[in-house]
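One structure below.
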There are 2 protein chains.
Amino acid sequence: MAYDLILQNIARHINLTPGEQDHFISLLKPEEVKKKALILREGQLCNNIYYVNSGILRAYHLDKDAKEATIMFALSDWWITDMFCFINCQPAMLFIEAVENSSIVGLQKKDLDQLLIEVPKFERFFRIIMQNAYIREQLRVIQNLSLSAEERYHSFLTKYPQVVKQVTQKQIASYLGITPEFLSSLKVNKTKN
Amino acid sequence: MAYDLILQNIARHINLTPGEQDHFISLLKPEEVKKKALILREGQLCNNIYYVNSGILRAYHLDKDAKEATIMFALSDWWITDMFCFINCQPAMLFIEAVENSSIVGLQKKDLDQLLIEVPKFERFFRIIMQNAYIREQLRVIQNLSLSAEERYHSFLTKYPQVVKQVTQKQIASYLGITPEFLSSLKVNKTKN
DNA sequence: TTAAATTCTTAATATACCTTAACTCCTTTG
DNA sequence: CAAAGGAGTTAAGGTATATTAAGAATTTAA
């Protein structure tokens, strides 16, 4: 397991000394996950935030009718967790599964909390990570409120072309908040126009 | 204009020395806004993040059919801005208006950037602010995807009882992503059951 | 390599929510 | 205080999207 990618990810925002880099890496728990394996289940304590080295993860929620709502896809170089439950030490609301075989690293809540105290530079790093995540979700809320299903689909295609290649339409539909049948019919109309 | 409230807001997460407090306060621009006044318009540069001392603000987006989508309400003790445009120095996508006469303080982007460098403790503070904002938006996305209009309405009533008292139903409807007419009909059914 | 399972598609029917419109009740403002 | 505009309500009719079901295509697993 190479840590280049995650160190680059961090170096985009803060500069670590070699010692700080080593300390940070010592906290990481690398993990290889097989396609369809779950790294988090609803109801479990969510103790880890994950960085995706390669592969792709998907976080989803199951509603009372067992319908899936995809909350996010995490490609290579993304961070993912059930943030509410991670921060508040609550049982997870989300499932996180590997869409493809993936290589990830986990960082435990207690280790992160201590890291933020010992190396306060990381506060800046995670401020930026959280800020970007907030902005992403806010843009999604805006689109959910003001675009039709078809418009959201096209926006998704242009915003996440890499994800489109790696996940099923059923999963894209559950991200957009529509049924796979309706997504299928949208594609037909697109070809016709 | 008293700065107790905003200092308490900050003291909930970090400890400032008296000197740091004074420095921080020197960066703030207090402003009294009248009901219905806009403090940000779509297309303007969004140079400020605002803290609400008293009153209530509303951020909304206008879609291509001039339909409003309410993105957030900010009560007393909340922070609000068009985060994407604030961070990226882009023209705003959002309008921010005062729902009632409000007393707010603005903090300019350039002053915040410098503050984060001069007093790095603020990185922790804004990390927590961004984190909470991210969690809020993510919960909203989950609800938008998995609840019916009626369920979202009831959830809103219990989550933001204070907001319910201060804004119109039209504004609540535009937050929920439904028409005021439909919200009105939901209330009738609730009474009947 | 085949059987089983899952995904994708198509189409008919159903429904949650929208649109329009008309009326009442408030609130704002001159 | 009167007039005008906006907010809330109700109801009829319309549309975007869901549901159900069945067959075809693809993937998974034995």
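Values in this document were obtained by computation on a predicted structure and should not be read as measured data. Computed over heavy atoms, backbone and side chain alike; hydrogens, waters and symmetry mates excluded. Within every chain, numbering begins at 1; the chains are lettered A, B, ... in the order of the sequence lines, protein sequences first and strands thereafter.
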- B/Lys35 side chain: which of C/dT28, D/dA11, D/dT20 is closest?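 Comparing C/dT28, D/dA11, D/dT20 against the side chain of B/Lys35, the answer is C/dT28.
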- Counting side-chain heavy atoms from C-beta on, which of D/dT9, D/dT17, C/dC17 comes nearest to B/Ala149?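 That would be C/dC17.
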In this structure, how many angstroms lie between the [atom2] atom of [N] and the [atom1] atom of [X], rounded?
| X | N | atom1 | atom2 | value |
| --- | --- | --- | --- | --- |
| A/Gln169 | D/dT26 | CD | C1' | 12 Å |
| A/Leu183 | D/dA16 | CG | P | 17 Å |
| B/Lys36 | C/dT27 | NZ | P | 12 Å |
| B/Ile178 | D/dA16 | CD1 | C1' | 16 Å |
| A/Lys170 | C/dT9 | NZ | C1' | 15 Å |
| A/Leu186 | C/dC8 | CG | P | 14 Å |
| A/Leu147 | C/dC18 | CG | P | 15 Å |
| A/Phe182 | D/dA21 | CZ | C1' | 19 Å |

- Cation-pi, A/Tyr60 ring and A/Arg58 (6.0 angstrom, 45 degrees):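 Positive - A/Arg58 is close enough to the ring of A/Tyr60 and near enough to its axis.
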- Would you indicate, yes or no, if C/dC8 has its OP1 or OP2 atom less than 4.0 angstrom from a side-chain nitrogen or oxygen of A/Ser184?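 Checking A/Ser184 against C/dC8: no side-chain N or O falls below 4.0 Å of OP1 or OP2.
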- Query: Should the pair B/Phe156 and B/Tyr175 be assigned to parallel (<30°), tilted (30 to 60°) or perpendicular (>60°) ring geometry?
  - Reply: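 Tilted, since the angle between the ring planes falls between 30° and 60°.
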- Is a side-chain N or O of A/Glu137 found less than 3.5 angstrom from the main chain of A/Tyr134, in a donor-acceptor match?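 Not at all, since once roles are kept as given, no pair shorter than 3.5 Å links the two residues.
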- Query: Does B/Cys89 offer a backbone N or O that forms a donor-acceptor pair with the side chain of B/Lys109 under 3.5 Å?
  - Reply: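 Not at all, since once roles are kept as given, no pair shorter than 3.5 Å links the two residues.
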- Looking for any heavy atom pair under 4.0 Å, which part of the strands does B/Thr179 touch: base, sugar-phosphate only, or nothing?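 Base contact.
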